[in-house]
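Every chain is numbered from 1, with letters handed out A, B, ... down the list of sequences. Just so we're clear, the structure is a prediction, and the values are computed from it rather than from any experiment.
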There are 2 protein chains.
Amino acid sequence: MTSRTAAPRQVRRPSRSQAAGRDHLSLRVWLRLFSCSTLVAARVSSALKREFGSSLARFDVLSQLYREPEGLRMGELSTRTLTTGGNITWLVGALEQDGYVTRSTASEDRRASRVSLTAAGRRHFALMAQAHERWIVEMFSALSAAEQRAMYEALGTAKQGMTSARIP
Amino acid sequence: MTSRTAAPRQVRRPSRSQAAGRDHLSLRVWLRLFSCSTLVAARVSSALKREFGSSLARFDVLSQLYREPEGLRMGELSTRTLTTGGNITWLVGALEQDGYVTRSTASEDRRASRVSLTAAGRRHFALMAQAHERWIVEMFSALSAAEQRAMYEALGTAKQGMTSARIP
DNA sequence: AGGGAATACTTGATATTTGAAGTAATCTTT
DNA sequence: AAAGATTACTTCAAATATCAAGTATTCCCT
């Protein structure tokens, strides 16, 4: 496994000479990335709704919480899922209604609230995650393990570059 | 369970263990793919709104039309942008209001309507597309041309696999 | 200490998206 | 040629998401 991410790379600026060809390429990569992602998301979304009466957004929130036994703050959830604060409030409210999460004022800062999974939420998520993984494996089955590894690394590099450099 | 060979006790079932590894990998690829895509989409979205008072969905529709001088039917737009028919009706309605597209009943099938860009729409899109390409190039600048090419190919394979086999 | 800035979240108005049901035109079959 | 299916799109209500403004709490500076 090449340690691509070990040494953070500097963000390259395309030089004039190679710009045209590369620009075009970046754009094509993005278009495929976007359409691939949208396609998978659409299928997962509809399957989650059909099988569990849930949604991708809810699943995303639950999966963040699943990894954090201590729970997370609203703000942290908002950052990680890349949705607005208002929406997180709404989502967590709905999940709370369903009994999958609990909210409690953080002891160290009474402005903040700490959200965590209930036992039911944990159970519910585990069930969905299992199905979710099956679907994903199926959907990516056209790619070899080597291709998947390469893609995983490249995506890591790309994301790293985007978050370290403030773009745009 | 009778085994004819004296297999070592703790040997792992090869297919199973391999599968487990791959499954995990697919999932990781998807998570990165999704978060990368969401990140770029969020940034492009907000930049499009800030700079042009537009949105990614509108941009997507316009870009499909830009490539088709003959225009497209609503259904075709819906398929290509992966959004529901109702939403396309709404989006095209809004773009029509703004004077960027026109709708006309298709001559060959009077149920269908053919949407195409107006001159203003073409101008508007060209302007946005230029900025859009700059942003994208910047955002993917952490990836070398070779990495981008590999990613492009892999995404093509993945998408191909997803659309040919009907999964899930 | 104590007033202003910053932070963490919620709220309410508004925008966008979906999904299901409805309308009109076309195709199929008899 | 006419009923019945199918297709292409629209409509409308409900679900979901955003944005800006509001509240409460904490931080910072003098």
- Query: Are B:His132 and A:Trp30 close enough, and set up right, to give a side-chain contact (heavy atoms from CB on, under 4.5 Å), and what steps lead you there?
  - Reply: CA-CA 11 Å; B:His132 176 259; A:Trp30 163 237; 3.5 Å; yes

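The distance between atom CE of B:Met74 and atom C1' of D:dT11, rounded to the nearest whole Å, is 12 Å. Atom CG in A:Leu77 sits about 17 Å away from atom C1' in C:dT7, given to the nearest Å. One can place CG of A:Leu91 at 9 Å from C1' of D:dA17, the figure rounded to the nearest angstrom. In this entry the distance linking CG of A:Leu56 with P of D:dA17 reads 9 Å, nearest Å. A:Leu95 places its CG atom 10 Å from the P atom of D:dT16, with the value rounded to the nearest Å. In this entry the distance linking CZ of A:Arg58 with P of D:dT16 reads 7 Å, nearest Å. Look at CG on A:Asp98: it is 14 Å from C1' on D:dA15, rounded to the nearest Å. B:Leu82 has its CG atom 14 Å from the C1' atom of C:dT17, to the nearest Å.
At the heavy-atom level, B:Asn87 lies under 4.0 Å from base atoms of the strands shown. Within 4.0 Å of B:Ala57, counting heavy atoms only, lie sugar-phosphate atoms of the nucleic acid but no base atom. Across all strands, B:Ser55 comes closer than 4.0 Å to no nucleic acid atom at all (heavy-atom distances). Within the 4.0 angstrom heavy-atom criterion, only backbone atoms of the sugar-phosphate kind lie near B:Ser113; the bases stay farther away. At the heavy-atom level, A:Arg103 lies under 4.0 Å from the strands shown only through sugar-phosphate atoms. Within 4.0 Å (heavy atoms only), A:Ser78 reaches no atom of the nucleic acid at all.
With hydrogens and angles left out, the side chain of A:Arg110 and the base of D:dT25 share no donor-acceptor pair within 3.5 Å. Evaluation of atom-type donor-acceptor distances gives no pair under 3.5 Å for the side chain of B:Arg111 against the base of C:dT26.
Listed nucleotides D:dT18, C:dT17, D:dC9 differ in distance to A:Thr83; the shortest reach to its side chain belongs to D:dT18. Nearest to the side-chain atoms of B:Thr84 among the listed nucleotides C:dT18, D:dA17, D:dC9 stands C:dT18. Listed nucleotides: C:dT16, D:dC9, C:dT11. Nearest to the side chain of B:Arg73: D:dC9.
Each of A:Glu108 and B:Gly75 was matched to the nucleotide of DNA chain D holding its nearest heavy atom; the match closer to the 5' end belongs to B:Gly75. Both B:Ile88 and A:Gly86 lie close to DNA chain C; mapped to their nearest nucleotides by heavy-atom distance, the more 5′-ward contact belongs to A:Gly86. Position along DNA chain C of the nearest nucleotide to A:Asp109 versus A:Lys49 favours A:Asp109 as the more 5'-ward residue.
In A:Gln97, the CD atom is not crowded: 12 or fewer heavy atoms of neighbouring residues, nucleotides or ligands sit closer than 6.0 Å.
Below 30°, between 30° and 60°, or above 60°: for B:Phe52 and B:Trp135 the angle between ring planes is between 30° and 60°, a tilted geometry.
Ion pairing of A:Asp60 with A:Arg80 is absent here, as no side-chain N (NZ or NE/NH1/NH2) approaches a carboxylate O to less than 4.0 Å.
Side chain of B:Thr163 to backbone of B:Gln160: a donor-acceptor contact under 3.5 angstrom is found. Proximity of a side-chain donor or acceptor of B:Ser37 to a complementary backbone N or O of A:Ser37 within less than 3.5 Å is not detected.
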